[in-house]
Enquirer: 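Take this structure, written in structure tokens, and hold onto it; I'll ask about it next.
For clarity, every value in this text was computed on a predicted model and none was experimentally measured. Proteins come first, then strands; the chains are lettered A, B, ... in the order of their sequence lines, and each starts at number 1. Just so it is clear, the values below take in all heavy atoms, side chains as well, and ignore hydrogens, waters and symmetry mates.
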Amino acid sequence: MTTKKEAQKRARELREEIALHDHRYYVLDDPIISDAEFDELERELLAIEEQYPDLVTPDSPTQRVGGPPRQELGTVRHTTPMRSLDSLQDEADVRRFYDRCLRELGRDRVPLVGEPKYDGLSVELVYEEGELRVASTRGDGTVGEDVTENVKTIREVPLRLRADSGHAPRRVIARGEVYIPISDFAAFNRRREEAAEKTFANPRNMAAGSLRQLDPKITAERPLRIFFWELVAGSSARPETQWECLQAMQRMGLRTNDKATRLPDLDAAIDWFARIGAQRDRLEYEIDGCVFKVDSLADQAELGIKSSSPRWAVAWKFPPRQRTTRIVAIEAQVGRTGALTPVAQLEPIQLGGVTVANVSLHNQDEIDRKDIRVGDWVLVERAGDVIPHVVQVIVDRRTGREKRYRLPHHCPVCGGEAVKPPGEAITRCVNTSCPAQVKERIRHFGSRGAMDIDGLGDKLVDQLVERGLVRDVAALYDLTVERLIELERLAEKSAQNLIDAIAASRRGVSLGRLLHALGIPGVGRAVAAELAGHFGSLEALEEATEEVLLEMPGIGPTLATSIHAWFADRHNRELLRRLRARGVAPEAAPAAATAGGPLAGKTFVVTGALESMSREEAEEAIRARGGRATGSVSKTTDYLVAGASPGASKMKAAEKHGTEVIDERALLALLGSR
DNA sequence: TAGCCTCGAGTTCA
DNA sequence: CTCGAGGCTA
């Protein structure tokens with residue numbers, strides 16, 4: 001435990017730091033740390049002040065909710081303070097909250113209302129005689145900024161309330177959250193980027209920046225939306241529960257959220273939180289958790305409030321998905337095709353439940369576009385796509401000691417020349433026998449969509465190549481158990497399994513898979529299958545001229561040249577000879593006689609996890625019946641097959657194009673129809 | 001020639 | 001999942 005003196009010093013530091021970030025966030029609309037980190041600072045300060053109440057100073061940020069309002073916009077005093085909510089991390093916290101409610105109310109059950117916690121900007125709207133009079137931001141909780149003119153530009157906000165029972169209510173004070181839908185945010189940023197204008201880091205920042213414009217014309221062009229979540233005390237004809245308040249607002253024309261629900265007890269609340277979390281990536285708006293409120297307004301009044309937050313409501317936060325961290329170094333990785341990919345090493349951070357220490361920067365153009373430098377503080381995101389990426393550099397946190405990065409002109413692995421062809425984004429090591437490339441080629445050869453050799457892991461491939469046991473994929477077929485068990489971390493049993501898996505791949509692998517496995521530039525799963533169906537055998541393809549290749553659908557000049565050149569290359573011919581000598585003989589591909597199948601002419605996209613088969617199996621089954629299975633939803637897609645936790649972008653694309661979304665049962669029915 | 005559509009390639013962590 | 005780029009089509 002720290003001494004009181006240390007605590008006092010730390011509290012002073014925290015207050016200064018929080019004041020700085022408040023200013024950035026509230027006054028400048030340009031925060032330099034993530035919300036989660038800001039929350040952490042506040043939590044630490046609160047903890048100190050709870051332990052030593054006499055250390056609380058009048059100017060402590062815990063004694064107010066936000067920052068001072070900007071001078072240019074008028075100010076509005078809230079009738080009752082707009083408080084923030086205590087934020088909870090885990091189930092135990094929520095349990096404590098609920099138990100406290102039970103204890104204080106002396107009951108064995110307290111019904112709650114659950115609502116998603118929208119990641120936007122809180123506002124208060126005052127209606128008198130049914131007409132919108134004033135709209136204000138939260139500001140410091142007591143006094144907010146007058147954003148009436150800006151809020152009026154939001155189409156969703158009624159300028160006059162719908163009369164519920166003949167006449168307009170005398171006075172209505174409603175609070176809600178202004179936000180920007182994720183897809184609108186992405187589209188807006190894309191346009192800004194094309195125009196070389198500054199982009200927004202996230203929808204919340206964009207909503208804040210849009211609502212606090214001095215010129216309402218600018219606000220009007222921003223896709224702002226709103227959800228209402230509170231009917232404030234003092235409103236006429238206010239019902240007796242939060243749930244009824246939501247319904248009353250909806251009837252008045254104040255949009256509420258359709259996910260909001262009544263929860264009879266704690267178990268229901270915990271259950272509902274998990275369900276909302278599972279839907280998070282498919283929502284059209286950002287949420288960072290769920291809010292739980294005691295449903296009865298009388299109970300709320302009895303529970304009362306603490307200094308800055310109510311005792312009858314809490315926010316249970318999801319693990320953060322956006323955080324800031326520092327780039328420690330950037331190094332170049334070499335891929336199968338020789339592509340040099342810059343990867344940033346980060347000071348590790350917790351993001352969406354996992355530790356992230358590396359993030360790909362893709363290529364030099366990307367580094368230049370975002371102006372990413374070694375030593376920079378960056379905002380890192382790990383959204384629905386799972387794979388983290390750098391959103392933007394926090395330019396204001398630069399010290400001047402950051403270093404620009406350029407990909408090397410020589411391969412970091414073999415020292416060979418690395419070339420970036422003019423007009424292309426990728427820099428490549430041109431040495432085809434570069435050990436990094438050899439390793440990646442072998443990995444690719446054994447991978448699932450290719451020869452599917454179980455047990456050929458990364459570490460093993462490293463050892464095989466480094467010890468000179470394997471220089472090309474044909475050499476895999478010369479391996480013996482005796483050779484393998486000399487390697488580290490490989491006992492006889494697993495060595496035998498690997499040998500068996502390699503042997504099994506000699507036969508029983510389709511021509512398409514083998515072609516894919518060879519790693520011909522530009523030839524992936526789809527093109528390989530197309531070639532296999534058209535030529536029927538490796539020999540026929542080897543003899544194919546560029547002209548013949550060009551006649552195939554989907555093969556243009558670039559691919560025709562690439563394929564022809566690969567088979568003309570002396571080393572590749574030798575490789576094929578060696579493979580054949582070791583008994584590698586793919587199954588002759590059945591002629592593409594699926595044109596008359598039951599699914600002929602239908603295009604499918606499969607997303608999410610299916611129960612009865614893997615995604616790949618589903619796609620093969622579709623193709624076997626004459627259908628097409630592609631990777632992305634477009635207007636030519638007939639069906640989107642959605643399994644468990646489907647991809648958010650695919651669901652959205654389906655909605656956009658009006659694609660029919662079917663579940664696994666419906667797919668099985670279609671597959672079985674014949 | 002522009003603007004889809006599709007494919008290939010690379011990617012994180014546990 | 002996202003990007004870049006090839007191929008196809010209006």
Enquirer: Are a donor atom and an acceptor atom from the side chains of A:T337 and A:Q437 found within less than 3.5 Å of each other?
Expert: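 No - no donor-acceptor pair under 3.5 Å links their side chains.
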Enquirer: Assert yes or no for the condition that the ring centre distance of A:H444 to A:H516 is strictly below 6.0 Å.
Expert: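 Between A:H444 and A:H516, the centre distance is under 6.0 Å.
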Enquirer: To the nearest angstrom, how far is A:R382 atom CZ from C:dC1 atom P?
Expert: 13 Å
Enquirer: Do A:E546 and A:T561 have a side chain donor and acceptor closer than 3.5 Å?
Expert: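 A:T561 and A:E546 do have a side-chain donor-acceptor pair below 3.5 Å.
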Enquirer: Between A:T337 and A:N358, name the one whose nearest nucleotide on DNA chain B is closer to the 5' end.
Expert: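 Its nearest nucleotide lies further toward 5', so the answer is A:T337.
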Enquirer: Would you please say whether a donor-acceptor pair under 3.5 Å links the side chains of A:E286 and A:N202?
Expert: no
Enquirer: Any carboxylate oxygen within less than 4.0 angstrom of a Lys/Arg side-chain nitrogen, looking at A:D93 and A:K317?
Expert: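 Looking at A:K317 together with A:D93, the answer is no, because their closest N to O distance does not fall below 4.0 Å.
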Enquirer: Roughly how far, to the nearest 0.5 Å, is the CG atom of A:N358 from the CD1 atom of A:I330?
Expert: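 Interatomic distance, A:I330 CD1 to A:N358 CG, rounded to 0.5 Å: 12.0 Å.
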Enquirer: Without decimals, in angstroms, what is the distance between A:R321 CZ and C:dC1 C1'?
Expert: 14 Å
Enquirer: Nearest heavy atom decides the nucleotide; on that basis, is A:R428 or A:T355 closer to the 5' end of DNA chain B?
Expert: A:R428
Enquirer: Relative to the 5' end of DNA chain C, which residue comes earlier, A:T607 or A:D365, by the nucleotide with the nearest heavy atom?
Expert: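 So the residue in question is A:T607.
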Enquirer: So, A:K370 and A:E366, do they make that salt bridge, N to O below 4.0 Å?
Expert: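 Yes, this pair counts.
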Enquirer: Considering all heavy atoms of both residues, which atom of A:G522 and which atom of A:L559 are nearest to each other, and what is their separation?
Expert: O-CD2, 3.3 Å
Enquirer: Check each residue of residues 549-567 of chain A for a non-hydrogen atom within less than 4.0 Å of any atom in DNA chain C, then write out the ones that pass by number, or none.
Expert: A:P553, A:G554, A:I555, A:G556, A:P557, A:T558, A:L559
Enquirer: Specify the separation, in whole Å, of atom CD of A:E366 and atom C1' of C:dT2.
Expert: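 Value for this atom pair: 10 Å.
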Enquirer: Expressed as a whole number of angstroms, how long is the span from A:I182:CD1 to C:dT2:P?
Expert: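 Spelled out: CD1 on A:I182 to P on C:dT2 is 12 Å.
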Enquirer: What range of DNA chain B does chain A touch, first nucleotide to last, counting atoms under 4.0 Å from its heavy atoms?
Expert: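 Nucleotide range in contact with chain A: B:dC5 to B:dA14.
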Enquirer: Whole angstrom is fine here: how far is it from CD in A:E530 over to P in C:dG6?
Expert: 19 Å
Enquirer: Within the 3.5 Å criterion, strictly below it, is a donor on A:E37 or A:T324 matched to an acceptor on the partner's side chain?
Expert: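 Short answer, yes.
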Enquirer: Determine the contact category for A:Q333: base if any of its heavy atoms lies under 4.0 Å from a base atom, sugar-phosphate if only primed atoms, P, OP1 or OP2 are that close, otherwise nothing.
Expert: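 Answer is sugar-phosphate: A:Q333 comes under 4.0 Å of backbone atoms only.
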